[in-house]
Amino acid sequence: MLLTVLSYVMIIVFMFVIMKKKMSPFTALVLIPLIFALIAMVAGVSKKGSIGDFVMEGVKTTSTTGIMLLFAILYFSIMLDAGLFDPITKKMIHIAKGDPMKVLIATAVVAAAVSLNGDGTTTTLICCSAFIPIYKKLDMKLMNLAVIVILQNTIMNLLPWGGPTARAMSVLNVGAEILAYLIPGMIIALLYVIFIVAPSMGRKERARLGIKQLTDEEIDAMTTVTDEETLAIRRPKIWLFNAILTISLIALLVTDSFVGLGLPPLFLFLTGTVVALMVNYPVLKDQSSRIGANGGDAVQVVILVFAAGVFMGLFQGTGMADALAQSFTKIIPNQLAGFWGLVIALISAPGTFFISNDGFYFGVLPVLAEAGRAYGFTDMQMALASLMGQAFHLLSPLVAFIYLLLRLTGLDMGQWQKESAKWALGIFIIFVVTIILTGHMPLYIPQ
């Protein structure tokens, strides 16, 4: 009982200090769970083990992601320095002609396409590298960019290679046909972001900035680099090589997601970074300069990823995650048994937000499924229901790549979460309504 109370209080305290900006995400991710883990151990309700073991176990889960992020950030930073995205930025501004609405819709379309590989880090790096210069040149809000990117990646994350769907399939032993049941809701949700969310943001930006009727000459003047230091690190003569290298890298990332080439993202970005440095900046002094200039941003993101690992390690190692999972089933009244599919869908929202996907699908879902079978729900129905909360999962401070997104856009986590959650609610409703209307999950089974 005490461990359950501690788990809830810890989450409340953590979210409070983050939302109210009382602590930075880095310090909160480490100190808050550490304090509550010590309380649990002193009170004698924690699982057996040491603080150090819990922390190291948690860090192991995020270490690969952290190292991969380090090289991914360095790679795309080098490409930015070399000017790979300059022609893309220029072309997009020419197409938009100063209309924020067109830029936002383009952001939604590109984010959806890039998210096909199921990797949030890649999506963030590509979208931010391409669009941040455009948003800054047009004085548009980067908040809109960060929200649209995360919404589209949230939807595409339901593809089996994205992670949560594969976990639900393995836990409840359901087949690949689950994707066919998810696709209608995913398509509607994608259209919702492209034709409702982006235009809504676009109308506000139009009202704030107006539609600038820019001539081609004005756009050329706006996008021409004149700063001597910037020009010194540009490499326009090898733009084609950089483009082929980047496209090849992304193609390998996507292909590996589908067929398993044995080329993990960490290896691909490491190799890409080395090749990019050697070709673009063959002089050793220039290589060191580029690493030094971009290393700070990389470190800021990586330390947050490792801090998230500390949080997960302490939360799960002490048993607080398990206690939280068990409490979900005990607080639900028996009168809701006939609505168990909807109950699982509703629980999956906070469940996958406050607990890692592994913790929820391997810890919480089996308990919920056991009760659901007794109420007449099939494993497929419960697997579908458990995926509905993914609409909010990527807003969680336990998701590593969001720190990269926030770092690149310079946004506050609390404000970004509130703005994103408003639109993510629409995605959640679309997901739930779609699987009910298509008959893949009953709203109610008479008991």
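Residue indices begin at 1 and follow the sequence shown.
- Here the shortest heavy-atom pairing between F377 and A337 reads CE1-O, 3.6 Å.
- The ring-ring contact (aromatic ring centres under 6.0 Å, His included) test with F14 singles out one residue from F315, F311, Y8, F36, and that residue is F311.
- Taking the six-membered ring for Trp and thresholds of 30 and 60 degrees, Y375 and W340 have ring planes more than 60 degrees apart, a perpendicular arrangement.
- One distance of note links CG of L404 with SG of C128; it measures 7.0 Å at 0.5 Å rounding.
- Between the OG1 atom in T273 and the CD1 atom in I73 there is a gap of 10.5 Å [rounded to 0.5 Å].
- With a 4.5 Å cut-off on side-chain heavy atoms, L394 and F401 count as touching.
- Rounded to the nearest 0.5 Å, atoms OG1 (T154) and CZ (F392) are 9.5 Å apart.
- Considering every non-hydrogen atom in both L182 and L158, the closest pair reads CD1-O, 4.0 Å.
- Using a 4.5 Å heavy-atom threshold, the side chains of H440 and M380 count as separate.
- Once rounded to the nearest 0.5 Å, the distance linking CD1 of I134 with CG of L104 reads 10.5 Å.
- If you check the side chains of T409 and Y135, you find no donor sitting under 3.5 Å from an acceptor.
- Considering all non-hydrogen atoms of both residues, M320 and A37 come closest at CE-N, 4.3 Å.
- Sorted by first and then second residue, the salt bridge (Lys or Arg N to Asp or Glu O under 4.0 Å) pairs with a member in residues 396-408 read D297-R407; sequence neighbours excluded.
- A distance of 4.0 Å separates CD1 in I435 from CE in M388, rounded to the nearest 0.5 Å.
- Open room surrounds NZ on K418; 12 or fewer heavy atoms of other groups in view lie less than 6.0 Å from it.
- Using a 4.5 Å heavy-atom threshold, the side chains of L3 and S7 count as separate.
- When all heavy atoms are compared, the tightest approach of A146 to L405 is O-CD2, 3.7 Å.
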Given side-chain contact (heavy atoms from CB on, under 4.5 Å), test Y403 with I303 step by step and report yes or no.
-> CA-CA 10 Å; Y403 297 105; I303 62 171; over 6 Å; no

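- Within 6.0 Å of OH on Y444 lie more than 12 heavy atoms contributed by other residues, nucleotides or ligands.
- Closest approach of T62 and V305 over heavy atoms only: OG1-O, 3.3 Å.
- Inter-residue side-chain proximity for M169 and V174 is flagged as met; some heavy-atom pair is nearer than 4.5 Å.
- The two atoms that bring I194 and Q152 nearest to each other are CG1-NE2, 3.8 Å, heavy atoms only.
- To the nearest 0.5 Å, the span separating NZ on K141 from CG on L209 amounts to 8.5 Å.
- Here the side chains of S348 and Q390 are not in contact, with every heavy-atom distance at 4.5 Å or above.
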Please test L142 against F131 for side-chain contact (heavy atoms from CB on, under 4.5 Å), starting from the C-alpha separation and ending with a verdict.
-> CA-CA 9 Å; L142 289 177; F131 283 101; over 6 Å; no

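- Counting heavy atoms from C-beta on, the side chains of L245 and Y75 come closer than 4.5 Å.
- Between P25 and L304, some side-chain heavy-atom pair lies under the 4.5 Å cut-off.
- Residues forming a side-chain hydrogen bond (donor to acceptor under 3.5 Å, both in side chains) with D53 (at least two apart in sequence, or on another chain): S50.
- Identified under the salt bridge (Lys or Arg N to Asp or Glu O under 4.0 Å) test for residues 98-113, with sequence neighbours left out: D99-R206.
- Residues T352 and Y361 have side chains in contact (heavy-atom distance under 4.5 Å, counting atoms from C-beta outward).
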